[in-house]
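The figures here come from the full heavy-atom set of this structure, side chains too, leaving out hydrogens, waters and symmetry mates. Here is the naming used below: chain letters follow the sequence lines, and residue numbers restart at 1 for every chain.
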There are 2 protein chains.
Amino acid sequence: MNSGSPYYSHAASHHVAVDCVIFGFDGEQIKLLLFKRQVEPLKYCWSLIGGFIKNNENIEDGVNRVLRDLVGLENIFLEQFRCYGKSDRDPGGRVISIGHYALIPLKDHELNVVESFQGKWFTFEEIPELILDHNQMVNEAKNKLKDKAKQIPIGFELLSDKFTLPELKKVYDSIFERTLDNRNFRKKVLSLGILEKLNEKDKSTSKKGAWLYRFNMEEFEQYKNNEHLLSNPRIFWM
Amino acid sequence: MNSGSPYYSHAASHHVAVDCVIFGFDGEQIKLLLFKRQVEPLKYCWSLIGGFIKNNENIEDGVNRVLRDLVGLENIFLEQFRCYGKSDRDPGGRVISIGHYALIPLKDHELNVVESFQGKWFTFEEIPELILDHNQMVNEAKNKLKDKAKQIPIGFELLSDKFTLPELKKVYDSIFERTLDNRNFRKKVLSLGILEKLNEKDKSTSKKGAWLYRFNMEEFEQYKNNEHLLSNPRIFWM
DNA sequence: TCAAAAGTGTTCAAGTTACACCCATGT
DNA sequence: ACATGGGTGTAACTTGAACACTTTTGA
């Protein structure tokens with residue numbers, strides 16, 4: 001089962017897995033997709049979705065395979081955040097796991113995946129006890145998401161192509177687990193100049209309707225090269 | 001060579017390594033510790049220090065072992081920043097590597113390690129071509145260090161117990177690869193209230209001498225729980 | 001006495017926070 | 001007509017940025 005290394009055959013080998021913390025926004029709040037584990041040990045316990053990396057398979061490809069085959073997800077935001085390597089973390093055997101988090105627009109990827117694989121969406125408050133160190137992974141992924149959201153406008157990854165500002169605000173309220181000030185939020189987001197206002201309203205959540213916006217990738221690229229990120233040390237030490 | 005997993009024996013196994021980007025501050029600037037690789041393939045090429053994770057060895061313990069045995073370093077700041085998993089990244093065989101960075105006070109750990117293991121300290125400008133994806137690792141570690149330095153006062157890890165403000169400023173100049181404003185820097189650092197001024201001057205770099213300070217761990221802990229980190233979303237999007 | 005590094009305050013601009021009412025529309 | 005969610009501006013405050021001279025002392 002070893003990939004057969006001419007030079008390193010003296011070295012130990014280990015199973016390497018990927019685990020995915022999948023965040024989805026349902027229009028109201030961010031939820032987490034969890035699954036009933038299908039294999040021993042700890043069969044039927046709640047767990048993150050994951051899988052083993054194969055021979056000659058890039059880790060990135062491995063995560064994408066797992067998400068495609070087991071959950072039906074493709075082309076979504078995906079990033080690794082930490083590697084879990086305690087030798088006794090899995091009673092089923094020594095497994096080194098590379099933690100990833102994914103962001104998906106719930107509206108696009110409808111929830112059929114859920115039923116077919118015994119998956120379920122949980123709010124942060126509802127998260128049950130998970131196997132192994134998966135609760136720790138979830139917490140660390142949540143923190144990573146907060147950090148990331150402070151650095152780049154990542155909220156869009158949780159929404160469909162078109163979205164309203166009230167929706168976007170709910171995404172951020174949910175990420176930061178607090179209620180942002182509405183006026184300040186709109187001011188800030190709009191000031192970035194990376195949103196394109198459409199001539200269309202979404203009336204699904206109110207009678208007045210809320211204007212739809214689209215994320216403008218090109219202006220965002222411009223924006224990123226805009227000294228900001230580069231020159232600003234801003235020793236934060238918050 | 002496999003750790004023998006009762007449940008997961010169907011899954012592939014891989015060599016797992018750790019690689020370390022070691023940052024050290026020599027009183028003037030931050031440097032990087034690189035080594036001439038001692039094994040085939042690519043023997044004698046410049047490389048990060050690294051090693052394979054053993055059976056039943058926690059990854060954290062593995063990194064510490066590598067640093068202790070190969071470089072003589074113990075009890076230093078150490079953090080993983082990313083996992084490198086391309087299946088063809090190493091011509092010697094499939095190796096998944098977990099990238100770490102370390103911060104050491106050069107004055108404390110004298111440079112004897114360097115000679116014994118064909119190591120050499122390089123400024124950022126001098127960094128040669130490294131094996132595999134190690135140049136990428138170095139760049140990503142540098143960025144991680146910048147990010148980290150914006151979040152928490154990490155500069156102290158690169159200095160001995162006692163240090164002067166001019167030294168500390170050089171550390172940050174070096175991390176951010178720019179020259180910070182001296183007065184603003186001192187104002188900010190001192191305002192945190194986590195430095196303890198000693199009744200002692202360091203006269204090694206000037207006739208007037210610079211006051212020595214010590215990092216106050218307790219006040220820092222207080223400081224960390226000080227709403228800042230918790231309440232401040234401050235959507236940055238710099 | 002002078003060269004070399006250490007130390008010190010103020011002003012202005014920018015960014016962040018707090019806060020309350022009117023608007024549009026479907027029922 | 002009214003209930004519901006969408007939308008808007010200003011003033012106080014906090015933070016960051018720019019900037020130049022004095023102090024100390026060993027050689």
Side-chain angles (χ1 to χ4, degrees), chain A residues 26-29 149-151 153 159 162-173 176 178-193 195 197-213 223 226-238, chain B residues 26-29 149-151 153 159 162-173 176 178-193 195 197-213 223 226-238:
Chain A
D26 69 359
E28 279 305 313
Q29 56 195 307
K150 289 181 198 174
Q151 285 170 33
L159 296 167
K162 301 173 182 178
F163 54 87
T164 67
L165 292 187
E167 276 175 327
L168 188 62
K169 177 173 177 303
K170 279 178 198 155
V171 167
Y172 278 96
D173 284 350
F176 293 123
R178 73 199 292 257
T179 305
L180 303 176
D181 180 272
N182 187 35
R183 280 180 285 189
N184 294 338
F185 176 79
R186 299 173 66 99
K187 214 188 310 170
K188 178 123 193 183
V189 166
L190 291 172
S191 75
L192 299 176
L195 291 192
K197 187 175 182 175
L198 306 177
N199 266 326
E200 222 182 321
K201 280 194 168 185
D202 168 23
K203 297 210 165 186
S204 65
T205 55
S206 79
K207 290 144 189 176
K208 183 178 179 179
W211 290 105
L212 285 163
Y213 289 79
Y223 174 73
N226 222 8
E227 79 241 45
H228 291 293
L229 257 174
L230 309 162
S231 74
N232 207 333
R234 230 165 154 173
I235 307 172
F236 225 26
W237 300 349
M238 309 188 293
Chain B
D26 67 0
E28 278 305 313
Q29 56 195 308
K150 288 182 196 174
Q151 284 169 36
L159 296 167
K162 301 173 182 181
F163 54 86
T164 66
L165 292 187
E167 276 176 327
L168 188 62
K169 177 173 177 303
K170 278 177 197 156
V171 168
Y172 279 95
D173 285 351
F176 293 123
R178 73 202 291 259
T179 304
L180 303 176
D181 180 272
N182 187 35
R183 281 180 284 189
N184 292 338
F185 176 79
R186 298 172 67 98
K187 215 185 310 167
K188 178 125 194 182
V189 167
L190 291 172
S191 75
L192 298 177
L195 291 192
K197 187 174 180 174
L198 306 177
N199 265 326
E200 225 182 318
K201 280 194 167 186
D202 169 22
K203 297 211 166 188
S204 65
T205 55
S206 79
K207 291 145 188 176
K208 184 177 180 181
W211 290 106
L212 285 164
Y213 288 79
Y223 174 74
N226 220 6
E227 79 241 47
H228 291 292
L229 255 175
L230 309 162
S231 74
N232 207 333
R234 232 163 151 173
I235 306 173
F236 225 25
W237 300 349
M238 316 183 286

- line: 5' to 3', nucleotides 18-27 of chain C under a 4.0 Å protein heavy-atom cut-off (B base, S sugar-phosphate only, - none) gives BBB--BBBB-
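Under the ring-ring contact (aromatic ring centres under 6.0 Å, His included) criterion, B/Tyr213 pairs with no residue at all, not counting sequence neighbours. Every side chain to side chain contact (heavy atoms under 4.5 Å, CB included) that A/Thr179 has, sequence neighbours left out, goes to A/Lys169, A/Asp173.
Across all strands shown, A/Thr164 has no heavy atoms under 4.0 Å from either base or sugar-phosphate atoms.
Protein atom CG of B/Asp202 is 10 Å distant from nucleotide atom P of C/dG7, rounded to whole Å. Taking atom CZ of residue A/Phe185 and atom P of nucleotide C/dT17, one finds them 13 Å apart after rounding to whole Å. Look at CZ on B/Arg186: it is 13 Å from C1' on C/dG9, rounded to the nearest Å. To the nearest angstrom, P of C/dT8 lies 19 Å from NZ of B/Lys188. Rounded to an integer number of Å, the gap from B/Leu192 CG to D/dT15 C1' is 13 Å. When rounded to the nearest whole Å, the span between CZ of B/Phe176 and C1' of D/dG16 equals 14 Å. Atom NZ in B/Lys169 sits roughly 13 Å away from atom P in C/dG7 (whole-Å rounding). At whole-Å resolution of the value, CH2 in B/Trp211 and C1' in C/dT8 are 15 Å apart.
Using a 4.5 Å cut-off on side-chain heavy atoms (C-beta onward), B/Phe185 and B/Asp181 make no contact. Using a 4.5 Å heavy-atom threshold, the side chains of A/Gln29 and A/Lys170 count as separate. Using a 4.5 Å cut-off on side-chain heavy atoms (C-beta onward), B/Leu190 and B/Leu165 make contact.
Applying the side-chain hydrogen bond (donor to acceptor under 3.5 Å, both in side chains) test between B/Asn184 and each of B/Lys187, B/Arg186, B/Lys188 identifies B/Lys187 as the sole match.
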